[in-house]
Amino acid sequence: MTDWFPWLTWRPDTTEQAFRDSFIRRMRTPTNWSIALATVVGLSFILYAMWTGDDWQSTSNIYRVSMIAVMVGFLLIGTRLGDPTWMMSLYATTLIVITLAGLMFLASARRYGALTEGGPMVVAMLCGILPVLHLGHKLMIWLLLAVFVGVITQQPGIETGWTLFYYAVTVSVLSVYQWQMDRLMRIQYLAESLEREKAETDHLTGTLNRYSFEARLSERLTTLEPGEGVALAMVDIDFFKQFNDHYGHLEGDRALVRIAKSLDQTPADLVVRFGGEEFVVLSFFTDRPPAWVSDLHETVSALGLVHEASPLGTLTISVGVACFVSQGKSDRATVKSLLTAADHQLYQVKANGRNQTRYVDL
Ligand SMILES: Nc1nc2c(ncn2[C@@H]2O[C@H](COP(=O)(O)OP(=O)(O)OP(=O)(O)O)[C@@H](O)[C@H]2O)c(=O)[nH]1
């Protein structure tokens, strides 16, 4: 049964949650515009009712005004709510508005002795255009209104004609449309995520690539609180040209993957393939840099990968580390300043025999 509902079939659940989080972020503004449109439609109904001689204080008009007040209230308060609370408030608001709409139809039908098909159809459609609600939400909303329409058709002396039939047709068509939207939105999200992942990842080692690293580090540097810091380690494999020449490029590729994996097993926050045989390892910390950063070269020498063409006998790395601890807003490191400082340390290690880690505070 659950296979029929895209938001229930979507596996794993974390993917559905990630989709919904990003979807709510993107759709908040369009949803607010849809509610504003519903408010304008509600207002035009009040004006029309008054123009056609309806009493301003009639029960149905009071319900209409209440619906508008609830929607305007949501638009005003919603701006201050975080995404999850906003989403729950939207659903609750919609259910309240639908209850008021149902009561308005009941009052109006009792007054005029009739309920025509237009009203419930318009309300069902206005709920249908709210982009962030999925079919599950909308079925509940439409069902709630259907209960009111059903009750009204059972009232003696009220002419309802084909209203219930047209309502059922409208909701069925909207449900099919919504089901398609729910599926397409999720398929699109998945395709986008895969594309993004591909664009950010190095194909050989599976680590982040340079482009995504620079964007992420640059963003993170702007949010460092005083006392928070970053250690950027520039890693370069020693005598790798000789390794390739001696063992061949395929074996070289395999060594790159092994080294990337071993760097990934450190407590680092990000491991990046920076260039051919260069990696960057990033660690964010509070107060003082973690001790493992200053011994990073040992991570690879401990693998014991034989390198007969190296004077060191095994595959090793040279590491230059630049550390920055934020003192406040005016004091900022940049991606460039960290890379330059780390590269300078790396150069010193290369000059001093390789297979070491050198460290500088910015
Ligand atoms: N197998 C393989 N080799 C690569 C890849 N990317 C870069 N390289 C090789 O890495 C080697 C880098 O050589 P160099 O820059 O001279 O550095 P090195 O030999 O490690 O010498 P030092 O850094 O001074 O210790 C070159 O031979 C590149 O062909 C790759 O994706 N796969």
Side-chain angles (χ1 to χ4, degrees), residues 194-218 230-266 268-283 289 292-324 335-362:
L194 288 174
E195 274 308 309
R196 201 177 319 116
E197 205 180 301
K198 248 199 279 175
E200 291 184 341
T201 311
D202 170 57
H203 297 309
L204 178 66
T205 59
T207 58
L208 283 183
N209 60 27
R210 182 174 177 169
Y211 160 76
S212 57
F213 145 75
E214 287 189 7
R216 287 188 198 196
L217 177 58
S218 165
V230 57
L232 183 150
M234 180 80 100
V235 174
D236 187 291
I237 306 175
D238 299 324
F239 303 114
F240 199 54
K241 182 178 180 324
Q242 286 87 330
F243 189 89
N244 274 327
D245 293 346
H246 191 77
Y247 296 100
H249 267 77
L250 279 183
E251 210 43 54
D253 283 355
R254 249 177 244 135
L256 278 170
V257 174
R258 289 285 305 273
I259 289 172
K261 244 189 211 145
S262 69
L263 294 174
D264 223 14
Q265 279 161 4
T266 61
D269 290 298
L270 286 182
V271 176
V272 183
R273 177 137 182 238
F274 193 68
E277 27 77 82
E278 282 182 323
F279 292 90
V280 163
V281 177
L282 270 184
S283 175
W292 60 267
V293 175
S294 45
D295 296 323
L296 195 54
H297 63 283
E298 288 177 4
T299 315
V300 172
S301 57
L303 293 174
L305 299 172
V306 179
H307 184 354
E308 287 170 352
S310 159
L312 300 163
T314 55
L315 255 184
T316 55
I317 55 172
S318 295
V319 186
V321 184
C323 256
F324 168 77
V335 178
K336 194 169 168 214
S337 67
L338 284 164
L339 284 173
T340 309
D343 200 38
H344 186 68
Q345 295 306 304
L346 175 62
Y347 182 80
Q348 308 273 322
V349 175
K350 289 282 181 189
N352 283 336
R354 300 172 172 83
N355 192 24
Q356 297 159 38
T357 302
R358 258 180 83 105
Y359 182 99
V360 69
D361 284 316
L362 284 191

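Because only heavy atoms are used, hydrogens play no part in the values below, and waters and symmetry mates are left out as well, while side chains stay in. In each ligand, atom 1 is the first atom listed, and ligand 1 is the first ligand listed.
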Quiz prompt | Which atom of L263 lies closest to which atom of I317, heavy atoms considered | solution = CD2-CD1, 4.4 Å
Quiz item: Does the pair L305 and T314 meet the rule for a side chain to side chain contact (heavy atoms under 4.5 Å, CB included), with working shown?
Solution: CA-CA 5 Å; L305 299 172; T314 55; 5.8 Å; no
Exercise. Starting from atom 32 (N) of ligand 1, locate the nearest protein heavy atom and write down its residue, its atom name and how far away it is, to 0.1 Å.
Key: D253 OD1, 2.6 Å
Quiz item: Is the shortest N/O to N/O distance between L204 and ligand 1 below 3.5 Å?
Solution: no
Quiz item: Can you say whether the rings of Y247 and F243 are parallel (under 30°), tilted (30 to 60°) or perpendicular (over 60°)?
Solution: tilted
Self-check item: Candidate with minimal heavy-atom separation from atom 16 (O) of ligand 1, of K350, K241, E278, H203
Solution: K241
Practice problem: Give a yes or no on this: more than 12 heavy atoms of other residues, nucleotides or ligands lie within 6.0 Å of atom NE2 of H344. | Solution: no
Practice problem: List the closest protein heavy-atom neighbour of atom 31 (O) of ligand 1: residue, atom name, distance to the nearest 0.1 Å. | Solution: R273 NH2, 2.7 Å
Exercise. Could you check atom 24 (O) of ligand 1 against the protein and tell me its nearest heavy-atom contact, residue, atom and distance included?
Key: R354 NH2, 3.0 Å
Self-check item: Closest to atom 3 (N) of ligand 1 (judged by heavy-atom distance), picking from V257, N244, T205, L315
Solution: N244
Quiz item: Which one holds for D245 and ligand 1: side chain close, backbone close, both close, or neither close, with close meaning a heavy atom under 4.0 Å?
Solution: neither
Quiz item: Quick one: does I237's side chain get under 4.5 Å of L256's, heavy atoms only?
Solution: yes
Exercise. Could you check atom 10 (O) of ligand 1 against the protein and tell me its nearest heavy-atom contact, residue, atom and distance included?
Key: E277 CG, 3.1 Å
Exercise. Return a yes/no value for F240: is any of its N or O atoms, backbone included, closer than 3.5 angstrom to an N or O of ligand 1?
Key: yes
Exercise. Provide the number and element of each atom of ligand 1 under 4.0 Å from a heavy atom of Q242.
Key: 19 (O)
Quiz item: Against heavy atoms of D238, which atoms of ligand 1 measure under 4.0 Å?
Solution: 20 (O), 25 (O)
Practice problem: Answer yes or no: is there a side-chain heavy-atom contact under 4.5 Å between F213 and D202? | Solution: no
Quiz prompt | Other residues, nucleotides, ligands: >12 heavy atoms within 6.0 Å of Y347 OH | solution = no
Quiz item: Closest heavy-atom contact between Q356 and H297?
Solution: C-ND1, 3.6 Å
Quiz item: Tell me: protein heavy atom nearest atom 29 (O) of ligand 1, and distance?
Solution: H249 NE2, 3.7 Å
Quiz prompt | Subset of ligand 1 atoms that lie under 4.0 Å from at least one heavy atom of G252 | solution = 1 (N)
Exercise. Flag F239 as yes when one of its N or O atoms lies below 3.5 Å from any N or O atom of ligand 1, and as no otherwise.
Key: yes
Practice problem: For G276, take its heavy atoms, then give the atoms of ligand 1 lying under 4.0 Å from any of them. | Solution: 6 (N), 7 (C)
Practice problem: Please check if any side-chain donor atom of S212 sits under 3.5 Å from a side-chain acceptor atom of N209, or the reverse. | Solution: yes
Quiz item: Among D236, T357, D238, which residue meets the side chain to side chain donor-acceptor pair (under 3.5 Å) test with S318?
Solution: D238
Quiz item: Taking the minimum heavy-atom distance to atom 30 (C) of ligand 1, which of D236, V349, L256 ranks first?
Solution: L256
